[in-house]
Amino acid sequence: MDAGGDKIQYNRILLKLSGEALMGDGEFGLDTGTVTRIASEVKAVHDLGVEISLVIGGGNIFRGVKAASQGLERGTADYMGMLATVINALALQGALERIGVQTRVQSAIPMATVCEPYIRRRAVRHMEKGRVVIFAAGTGSPYFTTDTAAALRAVEMDCDALIKGTQVDGVYSADPHKVPDAERYDVLTYHDVLSRDLKVMDASAISLSRENGIPILVFSLHNSGEFAKVVCGNGRFTMIREEI
Ligand code: UDP
């Protein structure tokens with residue numbers, strides 16, 4: 001299958017979205033139009049025959065570190081953050097199923113009446129059957145992030161790539177919204193990201209991807225059709241891998 005005449009480069013991928021990606025122009029929570037648009041981007045890649053899993057953050061609803069800094073016990077705050085990711089996962093599940101994409105949500109914190117528990121082999125089977133699997137509740141443990149959860153699930157699912165959809169079209173030396181002349185990179189090594197402390201994913205996510213040889217691709221969610229292009233090796237993205 002192809003997007004604009006090009007072949008897919010990855011047969012199985014994990015897409016990481018931050019919770020903020022679902023806010024649209026709002027400052028909190030979910031924007032239905034944005035969730036629907038992201039679902040259609042996922043569908044376009046699914047239609048190419050790519051096996052897809054997703055990890056969604058919860059920062060649009062609740063961030064554990066912030067609440068902890070305001071006095072809530074850190075473990076409790078982190079569990080609240082993980083529950084926020086379940087809300088986002090259900091929102092995206094609804095949007096995907098509305099446009100005819102079969103999905104399963106699997107939560108790292110068992111929630112039998114809401115979704116499946118995380119079972120690695122079952123998740124693989126879902127993807128083989130063409131279902132999009134949405135992993136909720138991060139790693140299920142406090143003191144982690146959904147970036148780390150994304151890298152962990154990508155490894156466990158034996159994905160060919162970990163793809164991060166962000167607000168900008170790749171990795172920059174500084175936030176391009178704040179530093180207009182920030183340098184944009186086409187390719188970086190895992191080592192570059194760690195040693196220069198580039199703000200793309202946290203260090204444990206980068207290390208886990210590195211140890212398991214999973215390339216990380218960073219692209220902008222704002223350009224319609226871009227996700228499908230990225231999966232076909234086109235479009236604008238930063239590639240993070242072992243060697244340049
Ligand atoms: N969280 C956690 N363990 C995990 C993943 C997430 O405790 O494995 C909590 C943590 O409090 C975090 C919140 O869930 O602040 C939301 O996740 P994250 O901040 O990674 O979301 P994003 O920034 O991607 O929206």
Side-chain angles (χ1 to χ4, degrees), residues 13-31 34-35 37-39 41-42 53-93 95 105-111 114-115 117-120 123 133-157 162-168 171 175 177 193 197-209 216-222 227 240:
I13 58 168
L14 187 139
L15 174 67
K16 163 76 207 304
L17 302 172
S18 68
E20 275 111 353
L22 308 182
M23 282 188 326
D25 293 332
E27 296 196 344
F28 177 81
L30 291 153
D31 175 63
T34 306
V35 177
R37 194 179 58 74
I38 289 176
E41 296 288 314
V42 172
S53 49
L54 292 166
V55 167
I56 312 175
N60 56 322
I61 299 172
F62 195 87
R63 217 175 263 291
V65 179
K66 191 163 172 239
S69 74
Q70 292 164 358
L72 194 61
E73 195 240 329
R74 173 72 191 265
T76 303
D78 278 344
Y79 278 111
M80 292 168 74
M82 287 185 265
L83 295 178
T85 73
V86 180
I87 295 176
N88 286 337
L90 295 178
L92 204 57
Q93 174 173 50
V105 173
Q106 289 202 346
S107 172
I109 298 172
M111 235 176 270
V114 175
C115 58
Y118 172 63
I119 300 173
R120 187 183 67 83
V133 183
I134 308 171
F135 296 116
T139 61
S141 298
Y143 300 97
F144 285 95
T145 64
T146 50
D147 278 351
T148 305
L152 176 63
R153 296 292 184 246
V155 173
E156 290 181 285
M157 293 300 115
L162 166 54
I163 304 186
K164 179 156 176 165
T166 68
Q167 307 302 314
V168 289
V171 182
D175 183 347
H177 293 312
V193 176
D197 198 20
L198 297 172
K199 302 288 176 229
V200 46
M201 288 186 122
D202 58 51
S204 33
I206 302 289
S207 301
L208 203 52
S209 304
I216 303 172
L217 283 69
V218 183
F219 78 104
S220 169
L221 283 168
H222 291 289
F227 183 29
I240 304 166

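Keep in mind that this is a model prediction, so the values were computed, not measured. Counting convention: from 1, in listed order, for ligands and their atoms alike.
Here the protein heavy atom with the shortest distance to atom 12 (C) of ligand 1 is G64 N, 4.0 Å. Of all protein heavy atoms, the one closest to atom 18 (P) of ligand 1 is T146 OG1, 3.4 Å. Ranking protein heavy atoms by distance to atom 5 (C) of ligand 1, first place goes to T145 C, 3.4 Å. Shortest contact from atom 14 (O) of ligand 1 to any protein heavy atom: G81 C, 3.2 Å. Looking at atom 7 (O) of ligand 1, its nearest protein heavy atom turns out to be D78 CB, 3.1 Å. For atom 19 (O) of ligand 1, the closest heavy atom belonging to the protein is R63 NH1, 2.9 Å.
If you take CD1 on I61 and CG on L30, they are separated by 5.0 Å, rounding to the nearest 0.5 Å. To the nearest 0.5 angstrom, R153 atom CZ is 11.0 Å from L208 atom CG. Residue L83 holds its CG atom at 5.5 Å from CE of M111, rounded to the nearest 0.5 Å. Note that the CD atom of E20 and the OG1 atom of T34 stand 12.5 Å from one another [nearest 0.5 Å]. The CD1 atom of I216 sits 9.5 Å away from atom NZ of K164, with the distance rounded to the nearest 0.5 Å.
Against a heavy-atom cut-off of under 4.0 Å, P142 is close to the following atoms of ligand 1: 7 (O). Taking every heavy atom of G19 and a limit of under 4.0 angstrom, the matching atoms of ligand 1 come to 22 (P), 24 (O), 25 (O). The ligand atoms of ligand 1 that sit less than 4.0 angstrom from a heavy atom of S18 are 24 (O), 25 (O). Taking a cut-off of under 4.0 Å to the non-hydrogen atoms of G57, the atoms of ligand 1 that pass are 21 (O), 22 (P), 24 (O), 25 (O). Using a 4.0 Å cut-off to heavy atoms of G59, the atoms of ligand 1 that qualify are 21 (O), 22 (P), 25 (O).
Between A149 and ligand 1, no N or O atom pair is found at a separation short of 3.5 Å. Of the N or O atoms in A137, none lie within a sub-3.5 Å distance of an N or O in ligand 1. For ligand 1, none of its N or O atoms has an N or O atom of F62 under 3.5 Å away. For ligand 1, one of its N or O atoms has an N or O atom of G58 under 3.5 Å away. Between F144 and ligand 1, at least one N/O pair is under 3.5 Å apart. The N/O atoms of D147, backbone and side chain alike, include none that comes under 3.5 Å of an N/O atom in ligand 1. Any N or O atom pair closer than 3.5 Å counts here, and T85 shares no such pair with ligand 1. No N or O atom of N60 sits closer than 3.5 Å to an N or O atom of ligand 1. Where the criterion is an N or O separation shorter than 3.5 Å, residue side chain and backbone included, Y79 fails it with respect to ligand 1.
Heavy atoms of K16 found under 4.0 angstrom from ligand 1 belong exclusively to the side chain. Only the backbone of S141 comes within 4.0 Å of ligand 1, counting heavy atoms alone; no side-chain atom from C-beta on gets that close.
The main-chain N or O of P142 is never found under 3.5 Å from a side-chain atom of R74 such that the two would form a donor-acceptor pair.
Across L152, L17, L14, a single residue satisfies side-chain contact (heavy atoms from CB on, under 4.5 Å) together with V55, and that is L14. When each of L162, I240, T145, T146 is tested with M201 by the rule side-chain contact (heavy atoms from CB on, under 4.5 Å), just one qualifies, namely L162.
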Using side-chain contact (heavy atoms from CB on, under 4.5 Å), reason through T148 and Y143 one step at a time and then give a plain yes or no. CA-CA 10 Å; T148 305; Y143 300 97; over 6 Å; no
I163 vs F227, side-chain contact (heavy atoms from CB on, under 4.5 Å): CA-CA, chis, key distance, verdict: CA-CA 9 Å; I163 304 186; F227 183 29; 4.1 Å; yes
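Contact between A137 and M82 at its shortest, heavy atoms only, is O-SD, 3.4 Å. Nearest heavy atom pair, residue A39 against residue A95, reads CB-CB, 3.7 Å. Minimum heavy-atom separation, A136 to T85: C-OG1, 3.8 Å.
Proximity of A84 to ligand 1 is not established, as no heavy-atom distance is less than 4.0 Å.
In this structure, F135 and Y118 have perpendicular ring planes: the angle between them is above 60°, well past the 30° mark.
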